[in-house]
Undergrad: 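If you scroll down you'll find the structure; I have some questions about it.
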There are 2 protein chains.
Amino acid sequence: MSELRLEDIAKRAGVSRSTVSRVVNNQPNVSEKARQRVLDVIKITGFSPNAAARTLVSRRSNTIGLVLPHSVSTFFTDPYYPHLIKGITQACNQYDFTLALFVAGSKEYQEKLLPRLSSKGFLDGVILQSGHQADQSIILELKKTNLPMLVAGRPLYNDEVCFIDIDNIAASEKAVRHLINCGRKKIAIITGPLTSTVGLDRLAGYRNAMDSSSLKYNDNSIIESDFTEQGGYNAMQKLITIKPDAVFAASDMMAIGAIRFIRDAGLDVPKDIAVVGFDDLPIPMVNELQLTTIRQPVVQFGFKAVETLIELIENDLPIIKRVLMDTELIIRKSCGFEPG
Amino acid sequence: MSELRLEDIAKRAGVSRSTVSRVVNNQPNVSEKARQRVLDVIKITGFSPNAAARTLVSRRSNTIGLVLPHSVSTFFTDPYYPHLIKGITQACNQYDFTLALFVAGSKEYQEKLLPRLSSKGFLDGVILQSGHQADQSIILELKKTNLPMLVAGRPLYNDEVCFIDIDNIAASEKAVRHLINCGRKKIAIITGPLTSTVGLDRLAGYRNAMDSSSLKYNDNSIIESDFTEQGGYNAMQKLITIKPDAVFAASDMMAIGAIRFIRDAGLDVPKDIAVVGFDDLPIPMVNELQLTTIRQPVVQFGFKAVETLIELIENDLPIIKRVLMDTELIIRKSCGFEPG
DNA sequence: TAGTTGTCTGAGAGCGCTCCCAGATTTTTC
DNA sequence: GAAAAATCTGGGAGCGCTCTCAGACAACTA
C-alpha cells in the first residue's frame, strides 16, 4: 500500500515536494487551491509521511521513554503503575507523543536497555521512575547521554537532576496531624523501605508532625517495612508490644495488613487503634475497610510528568526543574474521626 | 556529547565510514587490526549510531507497538496486563526490540493513535490486544496499513488475521471435567461478557464438557457476568436459586465474588458448592481461599506473542499464523477434591 | 610467472524528509 | 503607472546511515 513518498503526492497534485511538505506540516505560504489539491490526494492515497526520515532531519522523534529499573520490582503487582501509565499515555495522546516502555530485569539494564536508550535520534526524552538508592548509577549514566531526563520520585542523592514527586513530607504530616487532632496520644508509624526517598520522606513527615506536637515517640514507634500487605501485618505484630492507639502506615497495602493483625489480636479499628494509610488507589479493600488515607493523584502525576518532560525537551538550555504535587487527606472511618 | 557521526569515528580511527559501519554492525570483511582500532575509538568517544538514520535506510526500527484499545477498559485494574507487559518486555529485551505502548482512551483512537500507528518507518509490527467485537474496525484499519500485526486474543470475526491466544475452550473443558470427576452433579457457570471471545470460548468449553457427560444443564445454569468481583457476587446470587453443587467461574475475580456470596448465604465451599476459577494470577485472595483454578501462562503468553510477531516481521510474504497456548489445572481445596 | 581466488577497503548513491534560498507571482503603496 | 512589499513556489542541499560495487592487495594454484 503506502510506499508513497512526498514526491509522489507532489506529482499527483501537480505541485512540488516542498509544497506538500508545507501542507503536511500545516505551514503557511501555501495557496488555498494548492493546499486543497494536496489534501485531496493525501486523503485518496492514504499517504502518511515516513517517521524515520522526518526524525532524521528534524531531530525530533516525538517519542519519550519511560524507564522502570529493576528496583521497581513491584511493577507487576502494584496497582500504582497502571495508573501512572494511564496518566502518562493520556498526556502522550494529548501532546502527540509516543511512549516507549523500558522495563529492566535484574541485569538487563546495562547490556540491553542503556544502549537503546542512548542511541541518538530515537527518544526525545526520558522519564525514569526512581527514588531508590540502587538507581543512582542509572541516573548518572542517563545524564551522560545528554537526553532530557525527568526522574519520577525524588532521587536520593542527585541534586542536579530534574524530578517530579508528590509532596510526601507534607502529606505524612497531614496524616499524622489528623491522628493527633482525633485525640490519639501514642502514634506509631509503619514506614516503607528506608533505602528509598518515599520511605524516608514519609517518615520525615511523621517526625515533623510529632515534633511540633507535645506527643512523645521513640525508635520503637517506628517500624520499617516493605509496602506489602504481609509486611504491614508483620510490622503491626511488632508494634503491638508498645500498645499504640494509632498507626500511620505509609501505604494502603500495609495499612490493610496492619488492620488484619489488629483484628486477629482481638482489637478494634478504630476504637482501640486508629489507622491511616497512604495512596488511596482503587483497591476494593480500602473502601471495604473504610480506610482513612492520603490520596495521591497518580494519574495526574503521570500526566504532569509528561508535561514537565516536554518543557525540558523544548527548552534548549538545560534547566533544573523540581515539581512537587499536593495530596489530599481522605477521611473515612478507620481513624475514629467523628465530624461535627 | 555525542553529536558524533560514523564519519567522525572513521576519521579518528583512520579508516572509512564503511569500515566503521561494518564494525558497528558486526559484519565480516574487516581486518582484526582495523576492527580493534574502531572499537577503541567508539569506546573512548561513547559513540552510538543515530537510530533514525539507520531506520530510514534499513527499513527496520526494531520497535513494536502494543495497542490496548478502549475495550480493554480493565487495563488499569486487572493484574493481567502488568504480567502481559512483563512477558512482552522480557522478549523485547531478549530480541533487542523496543516496545511502544498505545493506550486508547474512549475516542482517541481514531484521531490520535491510528495516524501514529500507520506512519511508516516507526513500527516494525503491532500487537493488538483484542478479542472484543468493538475492536473489529480497529483490526480492519490496522490491516490496511500493511503493518505486520498479531492479535492477542482470538478475534471475533476476522479470519484472515494472525492471532495468539490461550486455548480457552480446552481449558474450560478441563476445569468442568474436574468438577465432574469430583462427583458434582449440578454444575453452573459464570461467564465473562459474551461480546468477547474469552467469554464465548470459556462457555463453549463448559458446554463441551457437559455435553460429553450425562449431566444436564440449561440456560439457568449459565449466568453472564463481567470478570469483576462484584459481578461474580451478583451472578452467584442469581445462580443460588437453582441450587448448584458446583460453579465454574470464568475468572478468579468472579470466583472470589461467588465464594463471598456463598458464604454470605451461610453455605460452605467446597462442601455445599465447589468452585473453580480461571487465571491463577498472584492475587493474595486466590491463595487465601485455596481456589482451584486454571493457570494461564500470562508472562509466557506475552513472550510468545513477541516471538510470533517477530516471525511475522521477518517473513516477507504475509502468512497467517495461529498460536494456541496450553493451560494448567491447579488443584487446591475449593473444589473438594481429595487426592489419593 | 601469470592467473585465480579470496579478503579487505573506500567512494558513491540514495533512503524520504525539512529547510533555506532564489525566483515567480501577486498585492500593496504612493 | 512603476516601485516596493508580501505571498507563493520549487530546486537543491543535506540529515547520518547502509549497501553496492569496483579497485587494492594478499594468498593460493598451476
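Protein chains get the first letters and strands the later ones, always in sequence-line order, with residue 1 at the start of each.
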Undergrad: Consider only side-chain N and O atoms of Asn93(B) and Arg116(A), and report whether a donor and an acceptor are under 3.5 Å apart.
TA: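 Indeed, the side chains of Asn93(B) and Arg116(A) share at least one donor-acceptor pair under 3.5 Å.
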
Undergrad: N/O contacts under 3.5 Å, protein versus nucleotides 17-21 of chain D?
TA:
from    : atom 1 : to       : atom 2 : distance (Å)
dC17(D) : OP1    : Asn50(B) : N      : 3.0
dC17(D) : OP2    : Leu6(B)  : N      : 2.5
dT18(D) : OP1    : Asn25(B) : OD1    : 3.3
dT18(D) : OP1    : Asn25(B) : ND2    : 3.0
dT18(D) : OP1    : Arg54(B) : NE     : 3.0
dT18(D) : OP2    : Ser21(B) : OG     : 2.7
dT18(D) : O4     : Arg17(B) : NH1    : 2.4

Undergrad: Mark yes when over 12 heavy atoms from residues, nucleotides or ligands other than Lys143(B) sit less than 6.0 Å from its NZ; otherwise mark no.
TA: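 Yes, because the 6.0 Å sphere around NZ of Lys143(B) holds more than 12 heavy atoms from other groups.
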
Undergrad: Under a 3.5 Å cutoff, is there a donor and acceptor pairing between the side chains of Asn25(A) and Arg54(A)?
TA: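 Yes.
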
Undergrad: Between Phe122(B) and Phe102(B), what is the ring plane arrangement, given parallel below 30°, perpendicular above 60°, and tilted in between?
TA: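 Aromatic pair Phe122(B)/Phe102(B) classed perpendicular.
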
Undergrad: Between Thr19(B) and dT9(C), is there a contact of a side-chain N or O with OP1 or OP2 at under 4.0 Å?
TA: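 Negative; the distance criterion is not met.
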
Undergrad: Please give, in whole Å, the distance from dG16(D) C1' to Phe122(A) CZ?
TA: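 After rounding, the gap between these two atoms is 17 Å.
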
Undergrad: Charged N to carboxylate O under 4.0 angstrom, Glu7(B) versus Arg12(B)?
TA: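 Looking at Glu7(B) and Arg12(B), the cut-off is not met.
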
Undergrad: Would you say dT9(C) has OP1 or OP2 under 4.0 Å from some side-chain N or O of Ser31(B)?
TA: yes

Undergrad: Specify the separation, in whole Å, of atom CZ of Arg37(A) and atom C1' of dC8(D).
TA: 13 Å

Undergrad: Scan Ala34(B) against the nucleic acid and name what it touches under 4.0 Å (heavy atoms): base, sugar-phosphate only, or nothing.
TA: sugar-phosphate

Undergrad: Expressed in angstrom and rounded to an integer, what is the separation of Asn62(A) atom CG from dC17(C) atom C1'?
TA: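 Distance check: Asn62(A) CG to dC17(C) C1' gives 15 Å.
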
Undergrad: When the nearest nucleotide of DNA chain C is assigned to Pro28(B) and to Arg59(B) on a heavy-atom basis, which residue is associated with the more 5' position?
TA: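 Comparing both residues, the 5'-ward one is Pro28(B).
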
Undergrad: Cut-off 3.5 Å, side chains only: do Asn26(A) and Arg35(A) have a donor facing an acceptor?
TA: no

Undergrad: Which pairs, protein N/O on one side and nucleotides 22-24 of chain C N/O on the other, fall under 3.5 Å?
TA:
none

Undergrad: Only one of Asp124(A), Thr63(A), Ile88(A), Thr89(A) passes side-chain contact (heavy atoms from CB on, under 4.5 Å) with Phe97(A); say which it is.
TA: Asp124(A)

Undergrad: Please determine if Lys43(B) and Asp40(B) form a salt bridge, counting it only when a charged side-chain N lies under 4.0 Å from a carboxylate O.
TA: no

Undergrad: For Arg35(B) and dT7(C), what is the distance between atoms CZ and C1' respectively, to the nearest whole Å?
TA: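 After rounding, the reported distance stands at 13 Å.
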
Undergrad: Nearest whole angstrom, please: distance from the P of dG16(D) to the CD1 of Ile9(B).
TA: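 Taking CD1 of Ile9(B) and P of dG16(D), I get 13 Å after rounding.
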
Undergrad: Check the distance between dT9(D)'s C1' and Lys33(A)'s NZ and give it to me in whole angstrom.
TA: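 From Lys33(A) NZ to dT9(D) C1': 13 Å.
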
Undergrad: Rounding to an integer number of Å, can you tell me how far Leu56(A) CG sits from dC15(C) C1'?
TA: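 Atom CG in Leu56(A) sits about 9 Å away from atom C1' in dC15(C).
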
Undergrad: Nearest 0.5 Å please: distance from the CD1 atom of Ile64(B) over to the CD1 atom of Ile310(B).
TA: 6.5 Å

Undergrad: Starting at CD of Glu32(A) and ending at P of dT9(D), how long is that distance when rounded to a whole Å?
TA: 10 Å

